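To find a chain, count down the sequence lines: A is the first, B the second, and so on, and within it residues start at 1. Since the model is a prediction, treat every value here as computed from it, not as a measurement.
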Amino acid sequence: MPEKPYDHNHIELKWHQRWENATFYKAEENSTRPKYYVLEMLPYPSGTLHIGHIRNYAIGDALARYKWMRGFNVLHPMGWDAFGLPAENAAIANQRHPREWTLQNIAAMKKTHRRFGFSYDWDCEVSTCEPEYYRWNQWFFLKMLERGMAYRKEALVNWCPKCGTVLANEQVVNDGCCWRHEDTPVEQRALEQWFLRITDYADELLGDIKNLEGGWPERVLTMQRNWIGRSEGTEVDFRLEGTAAPIRVFTTRVDTIYGATCVILAPEHPLVAQLADAEGRSCAKAMVDARAAQGPGDVEKEGFFTGHYAVNPYSGERAPVWVGNFVLMTYGTGAIMAVPAHDDRDFEFCTKYGIPVRPVIRPVDGELTRAEEAKTAFTDDGVVENSNEWSGLPSAEARRRMTAKAEAEGFGKGAVTFRIKDWGISRQRYWGTPIPVIHCAGCGVVPVPERDLPVVLPLNVQFTGKGRSPLEEVPEFVNVKCPQCGGAARRETDTMDTFVDSSWYFYRYCDARNDRMPFDPARAAYWFEIDQYIGGVEHAILHLIYSRFFTKMMRDIGLVKNSEPVRRLFTQGMVIAEGAKMSKSKGNVVGADSLADRYGADTARLFILFAGPPEKEVDWRDERAEGIYRFLGRVYRFATRNLERARAGGEGGAANADRKIVRKLHQTIRKITEDFESRWHFNTSISGIMELVNELYAEEQRLSGGTVAELLVKLTLLLAPFAPYLAQEIWEELGRQGPVFRETWPCYDAELAKDDLAEIVVQVNGKLRSHMYAPFGTPEEEIKARALEDPKVRAFVADKQIVKVIVVRDKLINIVVKG
RNA sequence: GCGGAUGUGGCGGAAUUGGCAGACGCGCUAGAUUCAGGUUCUAGUUCUCGCAAGGGAGUGGAGGUUCAAGUCCUCUCAUCCGCACCA
């Protein structure tokens, strides 16, 4: 039979049409198979998928297919989130309604996904822009409100002038810029906001990280630990001289307190108004404003003396009270004791203003550095000196005992402080889940009764772009009756951060059509934890910490049994183009569709996996895809020109060429299976298949029909997770029925994979000099004797003295000579 | 500043347990096929000395451990990422 040219367009179109409405992975109810839940992180539905997304999906899809072929009951859902609503609300206001816009983009992206042949279970699709989904955000909100886990307060919040909305701390990136507009600094504004008490779980979120070790990348865990930022220390009251009022400070180094030469307040500290004169107050105000304007980042340390003193409760010493711009009101108590000898920042501040530097800690085997010599602070633990009865104690023990004293005498206590703040979820934008509360003049804040959910976003909205929620302009939405007293009331117009949606969407996939509950707890109990979650590292502290928080909250209200949502997390590397991060603003986005137009979906998928190990970033260059395209063509042509031979069959395995190729086949199966089971280095899996095909070409004429038939079947199965269209097409050409990835993954036979003879490397003084072949298990003495007979070896050993011979069984012999 | 990662041919990368460095692919060179271009097939391709056989060097750099180091240890340089007044 003549070979057919590889026409990827024809093949992909054919199967694309047949698969149009197919759900490949319909997870089975009551399956006896073990369950496997694999999930990729959602894209931003910005209308196009770029090659980075395809990488994400290609990894998950290959895994899902493989797991199915290995006999698992696979749940592999795909859904859509509202993450990607364009920040430029105003810009699209004149064109189309954002909801319509989002739904259209979702449709476009679904089309691309189908085109690439991803094997999602479309039946559990969730669209977070739809009320039937977001009503459960409201349901969760009410549950949390009942438990005091959702609350409202005025707070300084991050405000992005471009988005015209508030941002969570986690959404502030790049030295204080908006995550959506990386060149736009955020401003600070004081607003009434809704918060979720994620800090209630701070300890657990931190402690449970140890359970994730091994399954999650260490990098992500480190980022989360830093973000939660637990520090153990002591709160100590410095009594303000002349009054009974205490200034409470927080320190992790109470052992250095005898070196505290002043107390410094944050400029926003309430005592500033009381202690500072008019000039000082305006100075403090200027500091606050400067910080608001500049955002976080490096600031020149400045401060002023208030003219007051506070008494150190341990030493009885008077410490001047200063105000310093580098002290944060939002951390600890908003006041610190400055120990310039043992803290870099205090050192910088105190030397600038001539405040004494007094060392009280010496290194364990060193001398106390004298103040005048100190050019930097000594910040390590050591031994306490010059501190009355505490002198001579190691730092850690001093801290323990000094904290105990503070507690016993009532001027302080041990305290744990977290860096993580409660999660501000209020957004002043149209998009998002309406927060289901009503403000009544008489009754205050009244939750919307559960029977009235969902509170639905109105459709007749004008987008003003004025930085207020457009919902405020919709009277039918805003003006409501109070559910308690029936009087006129105002509906809350803030909407929820869309990270609320993404915090639990993967639970909804278990039970996407449920209209009584967010999901059936029994189904969640079956599918959770997620076995494998795959996505970019950019969500390490946003989505992935919120999701963990939500899971713990759902456990506490009895919906789920697991404490963590995800057992294993894989963070794939970014795709960069021509050395630069792919981004829309740079205009260097490689669109998945245009790539599929040129080379086909199979080539695009295979190549992105081949380009490098999936956890590393890869540099995308179109021209390299040629090699993969050629490879797929080679496979297809080999298959079609050998079909008849394969059908005719015949005894295989006798000829030498047959044995050799069967061995290579089993080695390849072993390699790919191991790659799937451990490190996911699909680039080497694919190169393994290429090697097999190269060998197939070399031996083609010598192979028997039976061997060719076996090879074609197994080769097709090996390709199925990576290149579904081609694999399916060959499968059909081979006369088989049904989806190829519903077949069983081929097993390798360790005996067949084994080489006949061991290749033994012969070294002299560690340098490669010769090779030889010997049966496995050949005794050392024999190997040694044969090696020494080798003329190439003799040339190097010759008249020299043999010092030592090392033999590694079936692998290597190294002859060490001298002279 | 703190924390983490990475560094191998012209390029992407391989070497999973300390045991043949450069698999596989791109690119390039030659030959075959073709009217020609493209396609396809075959061979070659780390550097260096050599006509060749063969030798020498070589995994950012310097040292060390070892019969043997890309891999382990110490120091160092470069690049990237995360956090950054968190008391």
Side-chain angles (χ1 to χ4, degrees), chain A residues 3 5-6 173 175 217-220 222-223 225-227 229-231 233 249-254 256 260 264 266 291 296-301 324-328 330-339 342-346 348-349 379 417-420 537-538 540-541 573-574 576 581 607 610-613 615-621 623-628 630-631 633-634 637 671 674-675 678-679 681 683-691 693-694 697-698 759-771 792 795 803-808 811-817:
Chain A
E3 68 182 32
Y6 173 48
V173 297
D175 285 342
E218 198 48 52
R219 184 161 62 125
V220 172
T222 304
M223 283 164 80
R225 279 192 195 99
N226 292 342
W227 186 262
R230 179 182 203 271
S231 47
V249 303
F250 173 75
T251 177
T252 55
R253 292 297 302 274
V254 69
T256 65
I264 311 178
R291 179 175 292 283
D298 229 350
V299 179
E300 166 75 21
K301 288 186 179 47
N325 65 339
F326 69 103
V327 178
L328 302 176
T330 50
Y331 186 79
T333 59
I336 63 163
M337 63 177 201
V339 185
H342 303 297
D343 183 282
D344 290 326
R345 297 150 301 179
D346 298 348
E348 193 189 328
F349 185 83
T379 56
T417 303
F418 289 95
R419 208 185 84 108
I420 193 171
V537 75
E538 67 270 17
I541 45 179
M574 253 183 347
I576 54 180
K581 182 179 173 179
F607 179 55
F610 182 65
E615 73 276 11
K616 274 178 64 174
E617 55 177 45
V618 298
D619 189 20
W620 179 268
R621 283 171 212 266
E623 61 272 17
R624 289 184 194 141
E626 296 281 354
I628 292 290
R630 280 203 278 263
F631 164 68
R634 273 161 77 82
R637 290 191 305 271
K671 177 173 178 33
E674 281 169 3
D675 272 338
S678 59
R679 25 169 237 173
H681 280 196
N683 52 332
T684 63
S685 311
I686 293 163
S687 77
I689 303 178
M690 287 173 167
E691 281 180 55
V693 172
N694 289 348
Y697 266 63
E759 185 184 9
I760 292 168
V761 172
V762 184
Q763 295 179 337
V764 178
N765 283 353
K767 291 196 175 184
L768 175 70
R769 296 301 177 191
S770 184
H771 297 260
K792 288 189 217 143
V803 181
K804 202 173 184 182
V805 177
I806 284 115
V807 178
V808 182
K811 250 190 188 163
L812 171 139
I813 171 167
N814 188 9
I815 302 163
V816 186
V817 297

Checklist entry - According to the interplanar angle, ranging from 0 to 90°, do the rings of A:F250 and A:Y331 count as parallel (below 30°), tilted (30 to 60°) or perpendicular (above 60°)? => result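 Aromatic pair A:F250/A:Y331 classed perpendicular.
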Taking a pair as Watson-Crick or G-U wobble with both distances under 3.5 Å, which nucleotide is matched to [N]?
{"N": "B:U59", "result": "none"}
{"N": "B:C24", "result": "B:G12"}
{"N": "B:U39", "result": "none"}
{"N": "B:U34", "result": "none"}

Pairs: protein N or O with nucleotides 6-12 of chain B N or O, under 3.5 Å:
residue: B:C11; atom: O2'; partner: A:R624; partner atom: NH2; Å: 2.6
residue: B:G12; atom: O2'; partner: A:A611; partner atom: O; Å: 2.9

Item to check | Selected nucleotide, minimal atom distance to A:H681 side chain, candidates B:A87, B:C20, B:A14 | outcome: B:A14
Checklist entry - Are A:K301 and A:F349 in a cation-pi setup, meaning NZ or CZ lies under 6.0 angstrom from the ring centre and within 45 degrees of the ring axis? => result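 So A:K301 doesn't make the cation-pi contact.
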Can you give me the N/O atom pairs linking the protein to nucleotides 66-70 of chain B at distances under 3.5 Å, or say none if there are none?
residue: B:C67; atom: OP1; partner: A:K804; partner atom: NZ; Å: 3.2
residue: B:C67; atom: O2'; partner: A:N814; partner atom: ND2; Å: 3.3
residue: B:C67; atom: O2; partner: A:N814; partner atom: ND2; Å: 2.7

Item to check | No-H, no-angle donor-acceptor pair, A:K811 side chain to B:U17 base, under 3.5 Å | outcome: no
Checklist entry - Just by protein heavy atoms under 4.0 Å, how would nucleotides 31-55 of chain B read 5' to 3' in B, S and -? => result ---------SSS------------S
Item to check | P atoms of B:G64 and B:G12, separation to the nearest Å | outcome: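 The same atom, P, in both gives a distance of 32 Å.
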